[in-house]
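A quick note: this is a predicted structure, and the numbers were derived from the prediction, not measured. Convention: sequence-line order gives letters A, B, ...; per-chain numbering from 1.
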2 protein chains.
Amino acid sequence: MDRFDERILRELKLDGRLSNVLLAERIGLSPSATLRRVQELEKSDVIAGYRAVLNPAQCGIEFIAYVSIGLSNHSKASQLHFEEAISVAKEVVECHNITGSSEYLLRVETKNLAAYKQFHMDVIGNIPQVNAVATSVVMDSPKDERA
Amino acid sequence: MDRFDERILRELKLDGRLSNVLLAERIGLSPSATLRRVQELEKSDVIAGYRAVLNPAQCGIEFIAYVSIGLSNHSKASQLHFEEAISVAKEVVECHNITGSSEYLLRVETKNLAAYKQFHMDVIGNIPQVNAVATSVVMDSPKDERA
DNA sequence: GGTGAAACGTAGGCCGT
DNA sequence: ACGGCCTACGTTTCACC
């Protein structure tokens, strides 16, 4: 992992479809050397994958919220049950197990407020271990470099 | 926006580097028709871009936290000043303006706890408008579909 | 790490429906 | 207006230096 690898990662983070020849030009190496480095970064799992980034507004997503969840008890069984219920909920895009006053932080994306209410009732309301719920609606994201 | 477009987006979200011919096979269209649809989705900003997804653990990131920030006053000037300070902080990967008991939610990624302490002092501690800070350390992310 | 050549994919014109 | 076919062009990828 040297300067070249770092530049490769920087360019590929900005444009995952950058062609190998253009990438080679930008980092100042030949295409073949560049390709070998990229393949090595992929094989060693430094690059986990490539994804198209969609524009939520253009995809019918008009409601985004972070939801902190507190469980009524902290047993392993409770946590696994909760995570299982969350894993099948398509509205939940992220689920983080965090320290602090609540156990989980979710990012939830829905079509609109009505769809969120539905999610709140049908999914959150149906997990018996859930004790406390606090919804923070996202109004704007002045910085968002989610890879 | 029909079934074909939806399938294109689903495949490209999973693999942003999928070649056009393979994509065409998977959705059951010819390569040229597929390419035209993809280009249209890019032009109309449904596809915002493509990114390489890095593995934080393999990139020397061993500390991830969500930080909620409350400002001492809610003037436009205060918010703009805060957002400006955040935009140049490389440790801040996301900054969301939210409703609820605090104004901002940040996702902060650093090499380790010591680097986070440094960030906390040098960046957060130097923004006079910051009133309240609550750090929630990410222990695990059982679901993470960040694009 | 660089070079060259073959295999492969892209992208645009053209025609049929 | 939209999908399929064909072809020139560029890119990827590999054995070899």
Using OP1 and OP2 only, check whether a side-chain N or O of A:Arg36 sits under 4.0 Å from D:dT13.
no
Would you sort out whether B:Glu91 and B:Tyr116 count as a side-chain contact (heavy atoms from CB on, under 4.5 Å), showing the intermediate values?
CA-CA 8 Å; B:Glu91 295 91 345; B:Tyr116 180 71; over 6 Å; no
Following the transitive rule for hydrophobic clusters with a side-chain heavy-atom cut-off under 4.5 Å over Ile, Leu, Val, Met, Phe, Trp and Tyr, establish whether A:Ile8 and B:Leu54 coincide in one cluster.
yes
Using whole Å, report how far CZ of B:Arg3 lies from P of D:dC2.
18 Å
Rounded to whole Å, how long is the line connecting atom CD1 of A:Ile27 with atom P of C:dG2?
9 Å
Among the candidates C:dA11, C:dG1, D:dG4, find the nucleotide nearest to the side-chain atoms of B:Leu35.
C:dA11
Mapping B:Val21 and A:Gly28 onto DNA chain C by nearest heavy atom, which one lands closer to the 5' end?
A:Gly28
For a quick check of understanding: with a heavy-atom distance under 4.0 Å over all strands, which category does B:Leu29 fall into, base, sugar-phosphate or nothing?
sugar-phosphate
Between A:Ile98 and A:Ser102, is any pair of side-chain heavy atoms under 4.5 Å apart?
yes
When rounded to the nearest 0.5 Å, the distance separating CZ of A:Arg107 from OH of B:Tyr66 is 8.0 Å
Using a 4.0 Å heavy-atom cut-off across all strands, classify B:Arg37 as base, sugar-phosphate, or nothing.
sugar-phosphate
Once you round it to whole Å, what is the distance between P of D:dC14 and CG of A:Asn20?
12 Å
Round to a whole Å and report the spacing from CD of A:Glu25 to P of D:dT12.
11 Å
Of all the nucleotides listed (D:dT13, C:dG12, C:dT3), which has the minimum atom distance to the side chain of B:Gln39?
C:dG12
Does A:Ser32 make a side-chain donor-acceptor contact with the base of C:dT3, cut-off 3.5 Å?
yes
Spacing of A:Arg17 atom CZ relative to C:dA11 atom C1', expressed in whole Å:
13 Å
Whole-Å distance between D:dT11 P and A:Arg26 CZ?
12 Å
Atom-pair distance (CD on B:Glu40; C1' on D:dG3), nearest Å
15 Å
Would you mind reading off the distance between B:Leu23 atom CG and C:dA11 atom P, rounded to a whole angstrom?
12 Å
Quick one: closest heavy-atom pair of A:Cys95 and A:Tyr104, and the distance?
SG-CD2, 3.7 Å
